[in-house]
Amino acid sequence: MLRLLDASNGSYTDVRPARRGLLRVCAHAPDTADSADITGLRVLLTADLLARAAELGDLQVLTALSFAGQPPGQLTAFERAADALGVHPPAVRTSCQDAEASLAGPIDVHLAGRAATVCTGQGGLLTPVGAARLHTELAGPGRDPLAVRLALQAYPYHQSADLTQGVLADADETLGRWRHLVAEWARSPSRPMPAGIAGTVRAAFEDLDTVSLLALLRGLVPDASVPAGTKFETFVFADRVLGLDLPSSIGRTG
């Protein structure tokens, strides 16, 4: 069962789709002229994380992007940035008023950034997404844009995220190191995840708790008591939601 923060009471609430087997999500991105403000991008990233977690639970997910007042050219640039972060494109782009019609049914989850327009009178869970600022280019020289994805996931999705040069440098280094380690662990016999580790991973998926999930992965790296094959399976399974392309170096290391 997926659980998200409910903006109305500040507590976590179970996500209950109106139609069995189908989750309708509307990502409400705030309109801003501030190039450092990537809150809208973070809203769509959160929708992507939700979709990945829901699909592991055998839910089909339809996502609408509601981005009021954005000129077409800027919207295209926004979607190119989302693609660089490994975000699956939304099924439709729509206005807040037309979101239900665009998805052919009631919205189950509204993900809304600060100052985003969310139409009143619609049902569904309203979940806040914290503001995010990026103090550099999305893809700087020699830096994988997925480092931005990793850096954002190091913050709870409902809290503010401030991505400085130092934060992104650390994320980029971690991303490269983890990919190298996954490639090394892939040479060892595969070992299943112990029940305790598997339970922690699934609980993190259910709450979109990427912070705890990343902490688990960081703790596994130096743990000599955990076999390499178990580390491999855990990192690859976690990456199904994290979306960091962690297996990409398999077969490339000497």
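Computed from a prediction, not measured in an experiment: that's the story for all the values here. Every heavy atom of this structure was used, including side-chain atoms; hydrogens, water molecules and symmetry mates were not.
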request  = Consider only side-chain heavy atoms of I, L, V, M, F, W and Y, link residues closer than 4.5 Å, and tell whether Val109 and Leu62 are in one cluster.
outcome  = no
ask   = Linking I/L/V/M/F/W/Y whenever their side-chain heavy atoms sit closer than 4.5 Å, directly or via other members, would Val221 and Val211 fall into one cluster?
value = no
Short side-chain to backbone donor-acceptor contact, Asp209 and Ser212, under 3.5 Å = yes
task = Would you indicate whether the side-chain heavy atoms of Glu233 and Arg191 approach each other to under 4.5 Å?
result = no
inquiry  = Can you give me the closest heavy-atom contact between Arg3 and Asp14, atom names plus distance?
reply    = CG-OD1, 3.0 Å
query = Any ring pair (Phe, Tyr, Trp, His ring centres under 6.0 Å) pairs touching residues 144-179, not counting sequence neighbours?
reply = Trp178-Phe235
query = Going from CG on Leu4 to CG on Leu125, what distance comes out if it is rounded to the nearest 0.5 angstrom?
reply = 6.0 Å
request  = Could you please spell out the steps behind the side chain to side chain contact (heavy atoms under 4.5 Å, CB included) verdict for Arg52 and Val61?
outcome  = CA-CA 9 Å; Arg52 289 169 181 259; Val61 182; over 6 Å; no
message = Using the rule that Ile, Leu, Val, Met, Phe, Trp and Tyr join whenever any side-chain heavy atoms are under 4.5 Å apart, tell me whether Leu181 and Leu216 fall into a single cluster.
response = yes
key: N/O donor-acceptor pair under 3.5 Å between Thr127 side chain and Leu5 backbone   = yes
task = Decide yes or no for Leu50 and Leu23: does some side-chain heavy atom of the first lie under 4.5 Å from some side-chain heavy atom of the second?
result = yes
ask   = Short question: side chain of Lys231, backbone of Trp185 - any donor-acceptor pair under 3.5 Å?
value = no
ask   = At their closest point, which heavy atom of Gly113 faces which heavy atom of Val43, and how far apart are they?
value = N-CG2, 3.5 Å
request  = Apply side chain to side chain contact (heavy atoms under 4.5 Å, CB included) to Asp170 and list each qualifying residue two or more places apart in sequence or on a separate chain.
outcome  = none
message = Strictly distance-based, threshold 3.5 Å: is any side-chain N or O of Thr39 a donor or acceptor partner for the main-chain N or O of Ala131?
response = no
request  = Could you tell me whether the side chain of Val182 reaches within less than 4.5 Å of the side chain of Ser249, counting heavy atoms only?
outcome  = no
ask   = Do Leu85 and Leu138 come close enough that some side-chain heavy atom pair is under 4.5 Å?
value = yes
request  = Please confirm whether the backbone N or O of Ala18 pairs with a side-chain atom of Asp108, one donor and one acceptor, at under 3.5 Å?
outcome  = yes
query = Are the side chain of Ser248 and the backbone of Asp245 linked by a donor-acceptor contact shorter than 3.5 Å?
reply = yes
task = State, with a plain yes or no, whether a side-chain heavy atom of Arg133 is found less than 4.5 Å away from one of Asp37.
result = yes
request  = Say whether Leu208 and Ile107 are linked into one hydrophobic cluster, either directly or through other cluster members, by side-chain heavy-atom distances under 4.5 angstrom.
outcome  = no
query = What heavy-atom pair brings Gly86 and Leu146 nearest, and what distance separates the two atoms?
reply = N-CD2, 4.0 Å
request  = Would you sort out whether Leu150 and Thr174 count as a side chain to side chain contact (heavy atoms under 4.5 Å, CB included), showing the intermediate values?
outcome  = CA-CA 9 Å; Leu150 173 57; Thr174 297; 4.1 Å; yes
query = Would a 4.5 Å heavy-atom cut-off, applied to side chains only, mark Leu214 and Leu242 as touching?
reply = yes
query = Thr94 and Ser102: which non-hydrogen atoms are nearest, and at how many Å?
reply = OG1-OG, 2.9 Å
task = For the residue pair Leu22 and Leu59, establish whether any side-chain heavy-atom pair is separated by less than 4.5 Å.
result = no
ask   = Can you name the residues that form a salt bridge (Lys or Arg N to Asp or Glu O under 4.0 Å) with Glu173, not counting sequence neighbours?
value = Arg177
query = Got a second to check how far Arg187's CZ is from Ile250's CD1, nearest 0.5 Å?
reply = 10.5 Å
inquiry  = Among residues at least two apart in sequence or on other chains, which ones pass side chain to side chain contact (heavy atoms under 4.5 Å, CB included) with Ala151?
reply    = Leu163, Val167, Leu168, Ala171
ask   = Rounded to the nearest 0.5 Å, how far does CG of Asp207 lie from CG of Leu213?
value = 11.5 Å
ask   = Between His110 and Gly123, is there a donor-acceptor pair closer than 3.5 Å when you use the side chain of the first and the backbone of the second?
value = yes
key: All pairs passing ring pair (Phe, Tyr, Trp, His ring centres under 6.0 Å) where residues 80-106 contributes a residue, at least two apart   = none
key: Qualifying residue for salt bridge (charged side-chain N to carboxylate O under 4.0 Å, His left out) with Arg149, from Asp48, Asp144, Asp172   = Asp48
request  = Under the side chain to side chain contact (heavy atoms under 4.5 Å, CB included) rule, collect the residues that match up with Ala82, sequence neighbours excluded.
outcome  = Leu41, Leu44, Val87
request  = Measure from the side-chain N and O atoms of Ser66 to the backbone N and O of His28, and report whether any donor-acceptor pair falls under 3.5 Å.
outcome  = no
task = With rounding to the nearest 0.5 Å, note down the distance linking CD in Gln153 to OG1 in Thr46.
result = 8.5 Å
task = Look at Arg93 together with Glu79 and state whether they make a salt bridge at an N to O cut-off of under 4.0 Å.
result = yes
message = Can a donor-acceptor pair be found, under 3.5 Å and without considering hydrogens, that links the side chain of Asp239 to the backbone of Leu244?
response = yes
inquiry  = Before you tell me yes or no, could you show the steps for Arg24 and Glu100 under side chain to side chain contact (heavy atoms under 4.5 Å, CB included), namely the whole-Å CA-CA distance, both residues' side-chain angles and the distance that decides it to 0.1 Å?
reply    = CA-CA 9 Å; Arg24 295 183 177 93; Glu100 290 191 352; over 6 Å; no
query = Do Leu111 and Leu126 have side-chain heavy atoms sitting under 4.5 Å apart?
reply = no
note = Nearest heavy-atom contact between Ala147 and Leu175 is N-CD2, 3.8 Å
request  = Tell me whether the centres of the aromatic rings in Phe237 and Phe232 are closer together than 6.0 Å.
outcome  = no
ask   = Given the rule in the side chain to side chain contact (heavy atoms under 4.5 Å, CB included) test, do Arg240 and Leu56 qualify, once you have shown the distances and angles that lead to the verdict?
value = CA-CA 9 Å; Arg240 294 179 66 180; Leu56 285 178; 3.0 Å; yes
key: Leu65 versus Pro90, closest heavy-atom pair with distance   = CB-CG, 3.8 Å
